[in-house]
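Beneath this line is the structure, given in structure tokens, with notes to follow.
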Amino acid sequence: MSTYIIKGARILGGEPADILVRDGVIAEVGAGLDEAGAQVVDAGGLVALPGLVDLHTHLREPGREDAETVESGTKAAAMGGYTAVHAMANTDPVADTAGVVEQVWRLGREAGYCDVQPVGAVTRGIAGEKLAELGAMADSAARVRVFSDDGHCVSDAVIMRRALEYVKAFDGVVAQHAQEPRLTEGAQMNEGEMSAALGLRGWPAVAEEAIIARDVLLAQHVGSRLHVCHVSTAGSVEIIRWAKSKGCPVTAEVTPHHLLLNDGKAGTYDPIFKVNPPLRTADDVTALRHALADGTIDCVATDHAPHPVEAKETEWAVAAMGMIGLETALPVVQEAMVETGLLDWAGVADRMSHRPAEIGRLSGQGRPLEAGSPANITLYDPSPRRAVDPSAMTSKSRNTPFAGLELPGRVVATFLRGEPTVLEGKLQ
């Protein structure tokens, strides 16, 4: 393996230091480091972060390779500073057996751009009726520890309880897509003044909040880990805050788009802004930012949801829900959280690397940038501002809601266990 000296990086935004990387591990951190034969990376002015970890990525393979593949998605992840992603289960076939999760895991290893940790379905075919092969997936080569029917809510309370009881045996976590289906039939966007003005059927906040309230009580009763996907409302924040105050084993994530955009974007009728859960109000955005800052929401997860052009360039009512986000996540978090003073770079590292790795039980990811840690490193330049250009993205899909928006920062380099997947802003 190669040896690198990263010169002058500001670790977590602190004072400049050198990082010596040898045999896939950080060998030393200090000033004026030197080693014969080492390749030097000039990181002057760059912020060094532990490699980012995404708990919520749709890689689409198997079944929807027209939108994304494991290889194209992990290339996009590396370009965004990620060294690990959790691949969601709503593929075709669904990742509800050991065979499918092992296929996704092996595809990730073959691509080599970041670690791919499959998420197993909670129920067979994500149909919400019978538990999937949770134990077999946990015991497989993929060692699945996160289970989710994302895209669908586990709405049956008995099934949800059984899933929580089952995963407790191997320290798994059920990641719930909180959406009461009866309250969201035909819903198109957030229920409120904007939906009334646009004549689109509303998606009430209570549809999310009711499921979260039920599930935190179930998790507390069972004594098992619950993770809440893509929290989007101020009411959800308050329920999670209450649950944590009672010692409930619950964690939660927020997406970059819910930290920056609100339901006013739907006023254009542009389906690029159609997403599940929907963009909410400006007050919800403020609540989510503060909840991420104070730790009520544990982490940022992209919910990277690629779609082919024809699925988005159509009328709003029939357009697919979802947005891509791997390549813009760090700039959006800088804009929403760092530029506003709500998080410093150490906080960003905690919410985008350490905590998601801990929730997903990825022992080799999210580690501090210190001697002995795996050399999973992101070098980020926070200073430039530029407009987001979808045509320049690495993902196979182009459905970004940030097209044309000026955002700060860019990922300059990403190292996965000491080997660069990105250098000077280019894939290796």
Side-chain angles (χ1 to χ4, degrees), residues 54-60 64 67-68 73 76 88 90 148-153 175-181 183-192 194-195 198 200-205 207-208 211 228-234 236 252-282 284-285 287-289 297 300-329 332-333 336 388 390 393 395 397-405:
D54 192 16
L55 271 174
H56 196 139
T57 306
H58 297 274
L59 296 179
R60 301 304 190 206
R64 288 306 308 268
E68 198 78 284
M88 301 307 284
N90 56 343
S148 180
D149 278 2
D150 185 62
H152 298 269
C153 178
Q176 175 69 293
H177 174 113
Q179 178 191 349
E180 215 299 320
L183 292 175
T184 56
E185 289 180 6
Q188 295 291 313
M189 64 170 293
N190 179 55
E191 182 179 280
M194 183 59 68
S195 64
L198 296 175
L200 294 174
R201 183 170 295 182
W203 188 307
E208 174 175 303
I211 294 294
V228 184
C229 295
H230 40 52
V231 174
S232 71
T233 79
S236 296
E253 69 189 34
V254 64
T255 72
H257 48 270
H258 285 109
L259 289 173
L260 197 61
L261 307 176
N262 62 55
D263 62 351
K265 291 291 185 181
T268 63
Y269 288 103
D270 186 343
I272 203 73
F273 299 110
K274 186 178 180 183
V275 66
N276 181 350
L279 300 177
R280 302 290 188 178
T281 69
D284 289 313
V285 171
L288 294 169
R289 290 183 181 186
I297 293 177
V300 176
T302 68
D303 194 8
H304 176 81
H307 291 292
V309 172
E310 62 271 17
K312 279 293 191 179
E313 291 189 358
T314 183
E315 60 267 31
W316 180 285
V318 298
M321 295 181 178
M323 305 165 169
I324 59 172
L326 286 168
E327 295 170 78
T328 52
V332 169
V333 170
V388 175
M393 289 185 162
S395 170
S397 294
R398 298 288 179 264
N399 54 307
T400 172
F402 305 114
L405 182 66

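All heavy atoms count here, side chains included; hydrogens, waters and symmetry mates do not.
In this model, a donor atom of one side chain and an acceptor atom of the other lie less than 3.5 Å apart for T302 and D54.
Nearest heavy-atom pair across T233 and A205 is CG2-CB, 3.7 Å. Minimum heavy-atom separation, L261 to V285: O-CG2, 3.3 Å. Of all heavy-atom pairs between T184 and A207, the closest is CG2-CB, 3.5 Å. Nearest heavy-atom pair across R64 and P308 is NH2-CG, 3.6 Å. Nearest heavy-atom pair across F273 and P401 is CE2-O, 3.4 Å. The two residues H307 and M321 make their nearest non-hydrogen contact at NE2-O, 2.7 Å.
In terms of modelled atom types and a separation under 3.5 Å, the side chain of H304 and the main chain of G325 share a donor-acceptor contact. Without hydrogens or angle criteria, S397 side chain to P306 main chain gives no donor-acceptor distance under 3.5 Å. At least one donor-acceptor pair under 3.5 Å links the side chain of S195 to the backbone N or O of G192. In this structure, the side chain of D270 does not engage the main chain of K265 through any donor-acceptor pair within 3.5 Å. Although no hydrogens or angles enter the test, the distance criterion places no donor-acceptor pair under 3.5 Å between the side chain of K274 and the main chain of Q188.
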Side chain to side chain contact (heavy atoms under 4.5 Å, CB included) assessment of D303 paired with M323: CA-CA 8 Å; D303 194 8; M323 305 165 169; over 6 Å; no
CA sep, side-chain torsions, deciding dist, call: E68, S395, side-chain hydrogen bond (donor to acceptor under 3.5 Å, both in side chains): CA-CA 7 Å; E68 198 78 284; S395 170; 2.7 Å; yes
E253 and V300: CA distance, side-chain angles, deciding distance, side chain to side chain contact (heavy atoms under 4.5 Å, CB included) verdict: CA-CA 5 Å; E253 69 189 34; V300 176; over 6 Å; no
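The side-chain hydrogen bond (donor to acceptor under 3.5 Å, both in side chains) check on T255 picks up H257, H258, with sequence neighbours excluded. In this structure D150 satisfies the side-chain hydrogen bond (donor to acceptor under 3.5 Å, both in side chains) test together with H56, H58, H177, H230, sequence neighbours excluded. Evaluation of the side-chain hydrogen bond (donor to acceptor under 3.5 Å, both in side chains) rule for S232 yields E208, R280 as partners, not counting sequence neighbours.
Interatomic distance, L405 CG to T328 OG1, rounded to the nearest 0.5 Å: 9.5 Å. We find the CZ-CD1 distance between R289 and I297 to be 12.5 Å, quoted to the nearest 0.5 Å. A distance of 8.5 Å separates CZ in F402 from CE in M393, rounded to the nearest 0.5 Å. To the nearest 0.5 Å, atom OG1 of residue T57 and atom CG of residue L326 are 5.0 Å apart. To the nearest 0.5 angstrom, I272 atom CD1 is 7.0 Å from T400 atom OG1.
For the pairing with Q176, the side chain to side chain contact (heavy atoms under 4.5 Å, CB included) check across S148, C229, C153 returns one residue only, C153.
Here the side chains of L198 and W316 are not in contact, with every heavy-atom distance at 4.5 Å or above. Using a 4.5 Å heavy-atom threshold, the side chains of M194 and N262 count as separate. No side-chain heavy atom of L183 sits less than 4.5 Å from a side-chain heavy atom of E191.
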